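Worksheet: one structure, shown below.
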Amino acid sequence: MPGIDECLLDVMRLPGARGASVVDWTSGLALGTIGDSPNGDHEATAAETAEVARMAAEQPAFTAGLPDVPTAGDGTGVAGTPPPVEDVIVTTRAGYHILRFVETDFDSSVFLHLWLDRAEGNLALARIRLGEMAERLVLA
């Protein structure tokens, strides 16, 4: 079971990977980063992607049809409940940003962010591998 650093190293082995991070979407803080950042600042990128993740996870339009899952007062899940969204993919002219939510034993407010080069990366492969890595990731 890999920790954050080992998981990020594995993510960077994906073809076209430009940068990656593990982010807490409730606080917007990066728990770990590797590679490049789209805007040159990993912490700013973490805060910006956390806004996207929070929007996707908290809006009824994206969670409609799911069984009612208990949430804490701040909108996060409670211990042992899966995140309501599996992943978010943002496509730009130069690349892809994949936000993969990680199910944890505590509040499931963590996601993996992968910045993938559009010309060199394989979006389908990256999404599958990111899902596998999210399942194995161990957060202490």
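Since the structure is predicted, the reported quantities are computational estimates derived from the model, not experimental observations. Position 1 is the first residue of the sequence, and the numbers go up from there.
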On a heavy-atom basis, the closest approach of Ala56 and Val88 is CB-CG2, 3.6 Å
Using the side-chain contact (heavy atoms from CB on, under 4.5 Å) criterion, which residues pair with Gln59? Sequence neighbours excluded. Met55, Phe62
Do Pro15 and Asn122 come close enough that some side-chain heavy atom pair is under 4.5 Å? no
Sequence neighbours left out, what passes side chain to side chain donor-acceptor pair (under 3.5 Å) with Asp10? Give chain and number order. Arg13
Restricting to pairs with a member in residues 87-96, which pass salt bridge (Lys or Arg N to Asp or Glu O under 4.0 Å), not counting sequence neighbours? Asp87-Arg100, Asp87-Arg127
Does any part of the side chain of Val52, heavy atoms only, come nearer than 4.5 Å to the side chain of Trp25, both counted from C-beta? no
Calculate, to the nearest 0.5 Å, the distance between atoms CD and OG1 belonging to Glu58 and Thr26 respectively. 9.5 Å
Do Leu99 and Thr49 touch side chain to side chain, with heavy atoms closer than 4.5 Å? yes
Any residue meeting side-chain contact (heavy atoms from CB on, under 4.5 Å) with His97, in chain and number order, not counting sequence neighbours: Pro38, Val90, Thr92, His113, Trp115
Cluster link Ile128 to Val85, ILVMFWY, side chain under 4.5 Å: no
For Val11 against Ala20, the heavy-atom pair lying closest together: CG1-CB, 3.6 Å
More than 12 heavy atoms from other groups under 6.0 Å of CD on Glu132: yes
Could you list the donor-acceptor pairs under 3.5 angstrom formed between side-chain atoms of residues 29-37 and any protein atom two or more places apart in sequence or on another chain?
| unit_1 | atom_1 | unit_2 | atom_2 | d |
| --- | --- | --- | --- | --- |
| Ser37 | OG | Asn39 | OD1 | 3.2 |
| Ser37 | OG | Asp41 | O | 3.2 |
| Ser37 | OG | Thr45 | OG1 | 2.6 |

Least distance between heavy atoms, Leu112 atom then Leu130 atom: CD1-O, 4.0 Å
Quick check: is Met12 connected to Leu123 through a chain of hydrophobic side chains (ILVMFWY, heavy atoms under 4.5 Å apart)? yes
So do Arg118 and Tyr96 actually touch side chain to side chain, heavy atoms under 4.5 Å? yes
Give the minimum heavy-atom separation between Val23 and Ala50, together with the two atoms involved. CG1-CB, 4.2 Å
Among residues at least two apart in sequence or on other chains, which ones pass side-chain contact (heavy atoms from CB on, under 4.5 Å) with Ala126? Leu14, Ile98, Leu114, Leu116
Going by the rule salt bridge (charged side-chain N to carboxylate O under 4.0 Å, His left out), which residues pair with Arg54 if we only count those two or more places apart in sequence or in a different chain? Glu51
